[in-house]
Amino acid sequence: MSKIVIVEHPIIKDYLSKIRNKETNTKEFRNAVKQLSVLIGYEATRNLKTQNIKVQTPLCMTQCEELVNEDITIVPILRAGLGMLEGMLELLPSARVGHIGLERNEETLKPREYYFKMPGNYETMQTFVIDPMLATGGSAVDAIDKIKEKGIKNITFICVIAAPEGVDRLKEAHPDINIYMGTLDDHLNEKGYIVPGLGDAGDRIFGTL
Ligand SMILES: O=P(O)(O)OC[C@H]1O[C@H](OP(=O)(O)OP(=O)(O)O)[C@H](O)[C@@H]1O
Ligand SMILES: O=c1cc[nH]c(=O)[nH]1
Ligand SMILES: [Mg+2]
């Protein structure tokens with residue numbers, strides 16, 4: 001069963017109000033998405049393994065914990081997922097990066113794949129798939145289908161805003177995937193946009209309005 005986590009925090013709420021606001025410019029929008037990625041990603045990486053190490057402080061030897069050097073890959077769904085990459089790499093600076101290019105057809109709302117590149121060691125790899133928006137869920141389901149085809153099993157999906165329709169579709173298609181989000185919105189409109197949402201995340205991150 002999928003674990004569905006809405007990461008509740010006053011700083012997340014504050015950044016969400018910035019990205020929802022249609023007056024927020026590209027620079028501020030990009031920065032807010034990056035900060036949200038760090039805050040949501042922090043929670044999504046809570047179960048990473050640590051190992052004991054001894055550290056000499058200026059006063060004495062002490063027992064500490066460091067991250068186990070696991071094979072971690074962050075997978076942004078292009079384009080908008082790229083807006084979350086910098087924040088995730090701040091948390092996991094040694095992670096590798098895979099890319100999946102998907103674009104929703106405005107009429108059918110079905111995603112079209114135009115790029116796919118994943119680093120190797122699929123059996124042991126732990127992946128974090130990132131995309132600010134989970135709307136119908138079509139893009140996330142397709143991206144995770146493709147990742148699983150490579151034999152990758154350990155997958156977490158992280159988004160900023162999700163619609164109930166997308167969460168239901170993703171957890172039904174991939175019940176083994178945990179989903180982390182900054183907020184769960186109300187519904188999708190007739191054009192497949194999340195309401196209240198923020199509009200088109202890719203356009204707002206890259207200034208292609
Ligand atoms: O859940 P879904 O209904 O599939 O919608 C969500 C997808 O739509 C957006 O990407 P878009 O297709 O606009 O591409 P872009 O990132 O290049 O703007 C968003 O970043 C997701 O990938
Ligand atoms: O509201 C939405 C839905 C899909 N993609 C977006 O960027 N925004
Ligand atoms: Mg878009």
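Order of listing sets the numbers, starting from 1, for every ligand and every atom in it.
When each atom of ligand 2 is checked for a heavy atom of A201 under 4.0 Å away, the hits are 6 (C), 7 (O). Less than 4.0 angstrom separates some heavy atom of D200 from each of these atoms of ligand 1: 13 (O), 18 (O). Of all atoms in ligand 1, numbered sequentially from 1 with element shown, those under 4.0 Å from a heavy atom of E103 are 12 (O). Close approach of ligand 1 to A80 (heavy-atom distance below 4.0 Å) involves ligand atoms 16 (O), 20 (O). Near G137, meaning under 4.0 Å from any of its heavy atoms, are these atoms of ligand 1: 1 (O), 2 (P), 3 (O). Annotation for ligand 1: atoms under 4.0 Å from non-hydrogen atoms of S139 are 2 (P), 4 (O), 7 (C), 22 (O). For ligand 2, the atoms lying closer than 4.0 Å to a non-hydrogen atom of R104 are 3 (C), 4 (C). Listed by number with element, the atoms of ligand 1 under 4.0 angstrom from any heavy atom of G202 are 18 (O).
Closest to atom 12 (O) of ligand 1 among all protein heavy atoms lies R104 N, 2.7 Å. Nearest protein heavy-atom neighbour of atom 3 (O) of ligand 1: T136 OG1, 2.5 Å. Scanning all protein heavy atoms for the shortest distance to atom 1 (O) of ligand 2 gives I194 N, 2.8 Å. Nearest protein heavy-atom neighbour of atom 10 (O) of ligand 1: L102 O, 4.9 Å.
Heavy-atom contacts from other residues, nucleotides or ligands closer than 6.0 Å to CD of E172 number 12 or fewer. More than 12 heavy atoms of other residues, nucleotides or ligands lie within 6.0 Å of CD in E113, so this atom counts as buried by the packing criterion. The environment of CE in M61 is crowded: more than 12 heavy-atom neighbours from other residues, nucleotides or ligands sit within 6.0 Å.
Taking each of G166, G199, G197, A135 in turn, the one with a heavy atom nearest to atom 8 (N) of ligand 2 proves to be G199. Residue R79 holds the heavy atom nearest to atom 17 (O) of ligand 1 of all those in R79, K110, R169, M133. Compare I100, D131, I194, I77 by their heavy atoms: the one nearest to atom 19 (C) of ligand 1 is in D131.
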Kindly determine whether D203 and T208 satisfy side chain to side chain donor-acceptor pair (under 3.5 Å), including the steps that lead there. CA-CA 5 Å; D203 284 343; T208 49; 2.6 Å; yes
TODO: Show your working on side-chain contact (heavy atoms from CB on, under 4.5 Å) between L78 and H99 and close with a plain yes or no.
DONE: CA-CA 7 Å; L78 311 182; H99 293 84; 3.8 Å; yes
Determine, stepwise, if the pair D14 / K18 fulfils salt bridge (Lys or Arg N to Asp or Glu O under 4.0 Å).
CA-CA 7 Å; D14 188 66; K18 287 191 174 66; 2.9 Å; yes
Review point. Would E66 and Q51 satisfy side chain to side chain donor-acceptor pair (under 3.5 Å), going step by step from the backbone distance to the final call?
Key: CA-CA 5 Å; E66 64 177 6; Q51 62 194 10; 2.8 Å; yes
R104 vs T136, test: side chain to side chain donor-acceptor pair (under 3.5 Å). Steps then yes/no. CA-CA 10 Å; R104 253 184 9 160; T136 66; 4.6 Å; no
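Under the 3.5 Å distance criterion, the side-chain polar atoms of N105 are matched with a main-chain donor or acceptor of E107. Judged by distance alone, with hydrogens and angles left aside, the side-chain atoms of T50 form no donor-acceptor pair with the main-chain N or O of L67 at under 3.5 Å. At distances below 3.5 Å, not a single donor-acceptor pair connects side-chain atoms of N121 with backbone N or O atoms of M125.
Screening the protein for N, O or S atoms under 2.8 Å from the Mg ion (ligand 3) yields 2; no waters enter the count.
Looking at heavy atoms from C-beta onward, T26 lies out of side-chain contact with I205 at the 4.5 angstrom threshold.
Closest approach of V33 and G83 over heavy atoms only: CG1-O, 3.5 Å.
Using 4.0 Å as the threshold, G192 has a heavy atom nearer than that to some atom of ligand 2. Using a 4.0 angstrom heavy-atom cutoff, R204 does not count as in contact with ligand 2. In this structure, A163 falls outside the shell of residues with a heavy atom less than 4.0 angstrom from ligand 2.
Taken together through direct or relayed side-chain contacts under 4.5 Å among Ile, Leu, Val, Met, Phe, Trp and Tyr, V195 and L184 form parts of separate hydrophobic clusters. One hydrophobic cluster, built from ILVMFWY side chains closer than 4.5 Å, cannot hold both I19 and M181; they sit in different ones. Criterion: ILVMFWY side-chain heavy atoms under 4.5 Å apart, direct or through other members. Under it, I144 and L85 are not part of a common hydrophobic cluster.
When only interatomic distances are considered, the shortest N/O to N/O separation between G202 and ligand 2 does not fall below 3.5 Å.
Distances from atom 21 (C) of ligand 1 to the protein include at least one heavy-atom value under 4.0 Å.
The residue A201 has no part lying near ligand 1, judged by heavy-atom distances below 4.0 Å.
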